[in-house]
K.L.:
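Please find one structure pasted underneath; my questions will follow.
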Amino acid sequence: MKVQPSKTSAGTVASEEKSQLATYKKMPIVAERGEGVWLYSDDGQKYLDLYGGHAVAGTGHSHPHVVAAIVEQADKLLFYSNLVHSEVRARAAEKLVSIAPQPLTKVFFCNSGTEANENAMRMARLASGRENVITFSGGFHGRTADAISATFLGKYRELGKPNVPGHLQAEFGDIESVRKVADETVAAIMLEPIQSMAGVRTARPEFFSELRKVCDSLGIALIYDEVQTGVGRTGEWFFAGSEAGGGIVPDVISLAKALGSGIPVGACLVSEKIAAHIKENDLGTTFGGGMIAMAAVNATLEAIENDSMLENVKEVEAHLRNRIGEIAQVTQVRGLGFLLGLEFAGQTAPIHKGLLERNVITGTSSDPNVLRLLPPLCLRASDIDLFVDELKAVIANLGSQREA
Ligand SMILES: Cc1ncc(COP(=O)(O)O)c(C=O)c1O
């Protein structure tokens, strides 16, 4: 979409276009501030944000508890590396482990989703002494060398050429395809339990229990990339252990995005079985576990609890599914909690654009017929009502344009 800058934002858009690599298809918004589910642009427009800055604004934009914790920590100590102990880091690690499903008892902090996945794969290789990793068609795991080599979605893997060797592909949801490539050379099977970018693709609970069996019988580590599904997005802290996933718990969960409410932070939650093989200096990072990021993690998890956001996600998801039933053009609502894909009979690009023109931000996906919703976990039923009204108006407009 061509950016149409307003008068006040024209200078910012021109400046970014002049100085920043043109690697993003940007919306015509110059973001100035945010509050909860609302994003405000510098020309005074207010947007209902159902995209959450790519699933990052889990607690909503600039949640006051998170902001206060960051400011307080910034005043004390911005950063020191992992070579010292830190109370704020100890609290974050303990809290994360306490909400993780058993037997995930250890955490390793890093800075992003791709880094969490790289470390997850490395741990599985170190623990097993094997090299191969199985990932799935439609999965997205990041853009650094090993993670992009594990990404069998669209053009991404090509962009990462030459790829890291040892990456094998199976079909998401198809356990037979896994059995064909799984053997005693495989260190890990890694998957997004709900494939977000691919158009919010889900699998049956039995798929996850079958995967667990394959892993257990061959000594393979199971890794869930919960960069999107983690930290409350599905209405549970994690997809791992949930009913939708057959109660199955992997050996490693990778996290990022909503974990710091916008402060960059990633993490791997790890079972004792894997952790026992990881020695001093096997993994490392300068910034991971820094004090500001840890303050953000603590406050994010507290805000989710204090504001009963997990319960809210479930309630508001039910309301959304109910109200979307009024729109005949939506053929299916895919996903879980606040990771939802609205499947239309035709292409969603005009709907996405029409909604944006009516101040509602949604996400596209690699499936042209699926509109993605990744809103803050504090989204209310009244926001859904507004969204449904706007969606109906957009669809009516597109219909009348077609007739004209
Ligand atoms: C499922 C999943 N894994 C990994 C990543 C990579 O995360 P990051 O961009 O923080 O490196 C993403 C990013 O969109 C993602 O959606």
Side-chain angles (χ1 to χ4, degrees), residues 1 23-27 29 39 47-58 113-114 117 135-143 147-148 150-160 169 171-173 190-203 224-230 233-234 239 244 256-258 313 317 320-321 324 327 329-358 360-377 379 384 387-388 390-391 394-395 398:
M1 184 187 309
T23 56
Y24 300 101
K25 191 173 174 183
K26 296 192 187 197
M27 294 184 279
I29 296 173
L39 183 70
Y47 294 84
L48 176 62
D49 186 7
L50 302 181
Y51 185 62
H54 206 42
V56 168
T114 197
N117 287 333
T135 52
F136 293 85
S137 51
F140 180 84
H141 300 292
R143 290 174 182 264
I148 207 166
T151 292
F152 291 100
L153 171 73
K155 63 177 193 311
Y156 292 103
R157 206 162 183 274
E158 282 296 305
L159 292 170
Q169 185 184 185
E171 297 304 310
F172 186 61
M190 181 167 79
L191 71 159
E192 277 183 274
I194 298 176
Q195 291 191 332
S196 179
M197 198 105 92
V200 192
R201 294 170 72 205
T202 55
Y224 281 7
D225 173 348
E226 294 221 43
V227 168
Q228 291 218 16
T229 55
R233 182 147 298 282
T234 63
F239 183 90
K257 292 210 187 281
V313 169
E317 179 200 1
L320 182 139
R321 285 181 180 272
I324 286 292
I327 300 176
Q329 288 81 356
V330 177
T331 53
Q332 199 191 345
V333 180
R334 300 186 192 167
L336 188 64
F338 281 178
L339 173 48
L340 295 172
L342 307 186
E343 188 182 348
F344 288 76
Q347 304 235 335
T348 56
I351 296 170
H352 177 258
K353 181 168 178 278
L355 282 167
L356 196 55
E357 284 163 3
R358 300 181 74 90
V360 179
I361 305 174
T362 55
T364 54
S365 73
S366 73
D367 182 335
N369 290 9
V370 174
L371 197 69
R372 259 191 313 166
L373 307 181
L374 314 153
L377 311 186
L379 188 81
I384 293 296
F387 167 60
V388 171
E390 297 297 350
L391 183 56
V394 168
I395 291 171
L398 290 170

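Being a predicted model, the structure only gives us computed values, none of them experimental.
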K.L.:
Does atom CD of Q332 have more than 12 heavy-atom neighbours from other groups under 6.0 Å away?
P.N.:
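Yes, CD of Q332 has more than 12 neighbouring heavy atoms, counting only those of other groups under 6.0 Å.
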K.L.:
Would you say the side chain of E317 lies within less than 4.5 Å of the side chain of L340, judging by non-hydrogen atoms?
P.N.:
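Of all side-chain heavy-atom pairs linking E317 with L340, at least one is under 4.5 Å.
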K.L.:
Minimum heavy-atom separation for V333 to V330, with atom names?
P.N.:
CG2-CG1, 4.3 Å
K.L.:
Atom CZ of residue position R321 - does it have more than 12 heavy atoms of other residues, nucleotides or ligands inside 6.0 Å?
P.N.:
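It does: R321 CZ has more than 12 such atoms within range.
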K.L.:
I need the minimum non-hydrogen distance between V313 and T234, along with the two atoms involved.
P.N.:
CG1-C, 4.1 Å
K.L.:
Roughly how far, to the nearest 0.5 Å, is the OG1 atom of T364 from the NE2 atom of H352?
P.N.:
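Between atom NE2 of H352 and atom OG1 of T364 there are 5.5 Å.
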K.L.:
Quick check against the 3.5 Å criterion: does E226 have a side-chain atom that pairs as donor or acceptor with the backbone of F239?
P.N.:
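A pair under 3.5 Å: yes.
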K.L.:
For R157 and T151, indicate whether the former's side chain and the latter's backbone hold a donor-acceptor pair under 3.5 Å.
P.N.:
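Side chain of R157 to backbone of T151: no pair is present.
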K.L.:
Any side-chain to backbone donor/acceptor pair from R201 onto G335? Under 3.5 Å, distance only.
P.N.:
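No; zero donor-acceptor contacts below 3.5 Å.
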K.L.:
Could you grab the distance from atom OG1 of T23 to atom NZ of K26, nearest 0.5 Å is fine?
P.N.:
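So the OG1 of T23 and the NZ of K26 are separated by 7.5 Å.
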K.L.:
With a 4.5 Å limit on heavy-atom distance, are the side chains of Y51 and L39 in contact?
P.N.:
no
K.L.:
For the residue pair T348 and L371, what are the closest heavy atoms and their distance?
P.N.:
CG2-N, 3.8 Å
K.L.:
On a heavy-atom basis, which atom in T229 and which in P193 lie closest, and how many Å separate them?
P.N.:
OG1-CG, 3.9 Å
K.L.:
Measure the CG-CG distance between D49 and L379 for me, rounded to the nearest 0.5 Å.
P.N.:
9.5 Å
K.L.:
Closest heavy-atom contact between R233 and G58?
P.N.:
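The answer is NH2-CA, 4.2 Å.
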K.L.:
Do the side chain of R334 and the main chain of G199 share a donor and acceptor less than 3.5 angstrom apart?
P.N.:
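At least one qualifying donor-acceptor pair exists.
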K.L.:
Atom CZ in F172, atom OG1 in T202: separation rounded to 0.5 Å?
P.N.:
7.0 Å
K.L.:
For a side chain to side chain contact (heavy atoms under 4.5 Å, CB included) with I361, tell me which candidate from L355, L373, I29, L48 qualifies.
P.N.:
I29
K.L.:
Backbone N or O of F140 within a donor-acceptor pair of the E192 side chain at under 3.5 Å?
P.N.:
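Such a contact is found between E192 side chain and F140 backbone.
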K.L.:
Working to the nearest 0.5 Å, report the span between CG of L374 and CG of L50.
P.N.:
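One gets 9.5 Å once the value is rounded to the nearest 0.5 Å.
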K.L.:
What distance do N117 atom CG and M190 atom CE have between them, rounded to the nearest 0.5 Å?
P.N.:
4.5 Å
K.L.:
Give a yes or no on whether the backbone of D367 and the side-chain of S365 come within a donor-acceptor separation of less than 3.5 Å.
P.N.:
yes
K.L.:
Work out which heavy atom in S137 is nearest to a heavy atom in Q195; give both atom names and the distance.
P.N.:
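Minimum heavy-atom separation between S137 and Q195: O-NE2, 2.9 Å.
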K.L.:
If you define the side chain from C-beta out and look only at heavy atoms, does anything of L191 sit under 4.5 Å from Y224?
P.N.:
yes
K.L.:
Checking T362 side chain against R372 main chain: does a donor-acceptor pair fall under 3.5 Å?
P.N.:
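Absent.
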